[in-house]
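Below: one structure, written as structure tokens.
Since this is a predicted model, take the numbers as computed values, not measurements. All values below were derived from every heavy atom in this structure, side-chain atoms included, with hydrogens, water molecules and symmetry-related copies excluded. Index from 1, following the sequence.
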Amino acid sequence: MDFLAELDGGTLKAELLAFLDCEDIEVDSMEDFKEKFIEYIEEDFSYGDCE
């Protein structure tokens, strides 16, 4: 989760908006949201050269 602190605000906002736009992701709690959001970003970044 440390990598989230390293993301700039624009990137984090774009990732959050894209995550919230996904209709196939269901969130049951705040902890569930955190886990799925982090997984979403890690998967998204795995497609490019970003770390």
Side-chain angles (χ1 to χ4, degrees):
M1 192 153 101
D2 293 335
F3 76 95
L4 288 177
E6 296 176 13
L7 295 178
D8 65 72
T11 301
L12 191 56
K13 181 180 177 181
E15 291 293 333
L16 177 59
L17 292 175
F19 176 79
L20 294 174
D21 197 39
C22 289
E23 295 178 4
D24 60 332
I25 298 176
E26 293 184 24
V27 177
D28 298 330
S29 66
M30 182 56 90
E31 192 61 36
D32 189 38
F33 169 81
K34 289 178 191 177
E35 290 175 17
K36 289 181 178 175
F37 183 51
I38 291 169
E39 289 173 8
Y40 177 83
I41 292 175
E42 289 175 334
E43 183 177 320
D44 193 32
F45 279 26
S46 72
Y47 294 116
D49 294 330
C50 301
E51 291 184 55

> Which is it for Ser29 and Asp32 under the side-chain hydrogen bond (donor to acceptor under 3.5 Å, both in side chains) test, yes or no, and what are the steps along the way?
Replying inline: CA-CA 5 Å; Ser29 66; Asp32 189 38; 5.3 Å; no
> Same cluster or not: are Leu17 and Phe33 linked, directly or through other Ile, Leu, Val, Met, Phe, Trp or Tyr residues, by side-chain heavy atoms under 4.5 angstrom apart?
Replying inline: no
> How long is the gap from CG on Leu7 to CZ on Phe45, to the nearest 0.5 Å?
Replying inline: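 Leu7 CG to Phe45 CZ: 5.0 Å, rounded to 0.5 Å.
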> If you round to the nearest 0.5 Å, how far is CD1 of Ile41 from CZ of Phe19?
Replying inline: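 Going from CZ on Phe19 over to CD1 on Ile41, the span is 8.5 Å.
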>> Test side chain to side chain contact (heavy atoms under 4.5 Å, CB included) on Phe37 and Leu20; report intermediate values, then the result.
In response: CA-CA 9 Å; Phe37 183 51; Leu20 294 174; over 6 Å; no
> Are any non-hydrogen side-chain atoms of Leu16 and Tyr40 less than 4.5 angstrom apart?
Replying inline: no
